Q: 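One structure is given below, represented as structure tokens, and several questions about it will come after.
What you are looking at is a predicted structure, and each value in this text was computed from that prediction instead of being measured. Atoms within each ligand, like the ligands themselves, are counted from 1 in listed order.
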Amino acid sequence: MERVYNFSAGPAVLPEEVLKEAAAEMLNYNGSGMSVMEMSHRSKTYQAIIDEAEKDLRDLLNIPANYKVLFAQGGASLQFASVPMNLLRNGVADYIITGQWAKKAYQEAQKYGKVNKIASSEDKIFSYIPDCSDLPITDNADYVYICENNTIYGTKFKTLPNTKGKPLVADVSSCFLSEPADITKYGVMYGGVQKNVGPSGVQILIIREDLIGEKPALACTPTMMNWKIQTDEKSLYNTPPTYGIYICGKVFKWLKKLGGLAAMKEINEKKAAVLYNYLDSSKLFRGTVEKKDRSLMNIPFVIGNEPLEEKFIKEATKEGLISLKGHRSVGGMRASLYNAMPIEGVNKLVAFMKDFESKNSL
Ligand SMILES: *Cc1c(COP(=O)(O)O)cnc(C)c1O
């Protein structure tokens, strides 16, 4: 069977080149006589894989020396707890609620301290990013939390909030490595890799050293979520998700070969423009979020007629345009145009939408 164009929000499309390389190395990685999957995480060969992955990630994001990189497990969802457990030294944090993932993080953090909702876009079904230039940041807040790209609703922070000197913690799961970022503006940047970077099972955290301290804020923090122990052990306290990290490493190399994150951003802008321009001109389909806040990665759109939307998704699937159904909480459609989605996929989607529009007017 031909490969499809996979618009899934995650786990999602990976670069074909990376998958082919991994396939070629499946039975015998680099003369070791075994698959990376079969290899001890304490072996020299594996140490070289994880070291190189970290080095390439540092190159791509220009990560300063005073930031630690951690490959962790448990899903981005586990970090919803590990963030407050490690950081709530004053027991206070401020959250900006721009979607379901931010809301879940906010709800989880409430178990561990006094957590304030300082801004929200829930009043308009999370279809915009609130003005965060002058928020009522709590005086003794340990951090300010955002979900930088809202996977379900398709909005993105184009400017980071003014945290008034407090460390910014950002969940970047669905925009990780989609464009350059200034790491010095973050206290913690983290995300699950299954959206834009690799297979599920790996989380990457980039943490400013001084926030790690000698021990986590909460003494009861499980060892597996203790950033001091995990970073001291360089992500090898216990068995890490070895194969997933290896694939991430390959994706980092793919990004470097492409020209790095500035080049990736240009490609992503081009791809997203193809779909947004069509949505803005279509009489059948329309985008659902405020233009200024549109994500380059996740693009939700609707017809506003459920049977016709179902028909669209069904016919698209037959054409090899897969996973266009919107998140179960919002309905409609969503096209995720992550790094590895080729522009040919977006062109094919828009051509199909035009054809569908010509045959199905409301
Ligand atoms: C998918 C997603 C999550 C949840 O990731 P899991 O790895 O399933 O826990 C959290 N935040 C954002 C922004 C996401 O897109």
Side-chain angles (χ1 to χ4, degrees), residues 6-14 70-85 93 95-109 111 115 120-122 125-129 143-158 160-161 168-179 181 186 188-206 222 224-225 235 240-241 243-245 247-248 251 268 272 289 293-300 323 325-330 334-341:
N6 174 11
F7 295 94
S8 167
V13 57
L14 284 167
L70 181 60
F71 296 101
Q73 305 190 52
S77 300
L78 188 71
Q79 311 313 321
F80 297 168
S82 98
V83 164
M85 293 186 108
Y95 278 63
I96 299 171
I97 313 297
T98 52
Q100 303 249 12
W101 294 119
K103 199 171 174 179
K104 282 192 172 157
Y106 165 70
Q107 286 163 345
E108 185 73 15
K111 296 180 185 169
V115 177
S120 166
S121 53
E122 195 161 12
I125 330 173
F126 299 119
S127 57
Y128 69 103
I129 299 291
Y143 61 90
V144 175
Y145 184 100
I146 62 168
C147 176
E148 193 165 330
N149 184 79
N150 296 284
T151 324
I152 295 172
Y153 300 94
T155 58
K156 160 135 205 293
F157 281 84
K158 300 292 164 82
L160 295 174
L168 176 69
V169 176
D171 174 357
V172 298
S173 293
S174 50
C175 60
F176 204 34
L177 305 182
S178 63
E179 56 182 274
Y186 298 80
V188 180
M189 175 192 271
Y190 81 92
V193 305
Q194 74 271 24
K195 310 281 160 75
N196 209 19
V197 181
S200 63
V202 182
Q203 276 55 241
I204 296 176
L205 293 91
I206 301 164
M224 285 299 293
M225 293 156 75
S235 308
Y243 196 79
I245 293 169
I247 297 290
C248 290
V251 172
N268 286 332
V289 307
D293 302 320
R294 283 172 162 177
S295 164
L296 296 179
M297 298 282 100
N298 310 100
I299 305 185
S323 283
K325 200 170 165 47
H327 189 271
R328 56 196 144 82
S329 66
V330 290
R334 171 178 52 177
S336 294
L337 309 184
Y338 294 124
N339 288 350
M341 170 58 66

Q: Ring-plane angle category for Tyr143 and Tyr95, please: parallel below 30°, perpendicular beyond 60°, tilted otherwise.
A: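 Rings of Tyr143 and Tyr95: perpendicular, over 60°.
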Q: Which protein heavy atom lies closest to atom 9 (O) of ligand 1, and at what distance to 0.1 Å?
A: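 Heavy-atom neighbour on the protein nearest atom 9 (O) of ligand 1: Ser77 OG, 2.6 Å.
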Q: Check whether any N or O atom of Asn149, backbone or side chain, sits under 3.5 Å from an N or O atom of ligand 1, and answer yes or no.
A: no
Q: May I ask you to decide if the ring planes of Tyr190 and Tyr145 are parallel, tilted or perpendicular, using 30° and 60° as cut-offs?
A: tilted
Q: Return the minimal non-hydrogen interatomic distance between Ser235 and Pro240, and the atom names on each side.
A: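 The answer is O-CB, 3.5 Å.
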Q: Check contact between Cys147 and ligand 1, using heavy atoms of the residue and a distance below 4.0 angstrom.
A: yes
Q: Taking atom CG of Asn339 and atom CG of Leu14, what is their separation to the nearest 0.5 Å?
A: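 Here the interatomic distance stands at 10.5 Å.
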Q: Looking at Thr151, which atoms of ligand 1 are within less than 4.0 Å of one of its heavy atoms?
A: 12 (C), 13 (C), 14 (C), 15 (O)
Q: In this structure, does ligand 1 have an atom that sits under 4.0 Å from one of the heavy atoms of Gln194?
A: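 Checking ligand 1 against Gln194, which is what was asked, there is a heavy-atom contact under 4.0 Å.
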Q: Which residue owns the protein heavy atom closest to atom 1 (C) of ligand 1, what's the atom, and how far is it?
A: Lys195 NZ, 1.5 Å
Q: Nearest 0.5 Å, what's the CG-CD1 distance between Leu168 and Ile96?
A: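 These two atoms lie 7.5 Å from each other.
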Q: Give the numbers and elements of all ligand 1 atoms closer than 4.0 Å to a heavy atom of Gly75.
A: 7 (O), 9 (O)
Q: Any side-chain donor paired with an acceptor under 3.5 Å for Asn298 and Ser336?
A: yes
Q: Would you mind checking which non-hydrogen protein atom is closest to atom 11 (N) of ligand 1, with the distance to 0.1 Å?
A: Asp171 OD2, 2.6 Å
Q: What is the closest protein heavy atom to atom 5 (O) of ligand 1, and at what distance does it sit?
A: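 Checked against all protein heavy atoms, atom 5 (O) of ligand 1 sits closest to Ala76 CB, 3.6 Å.
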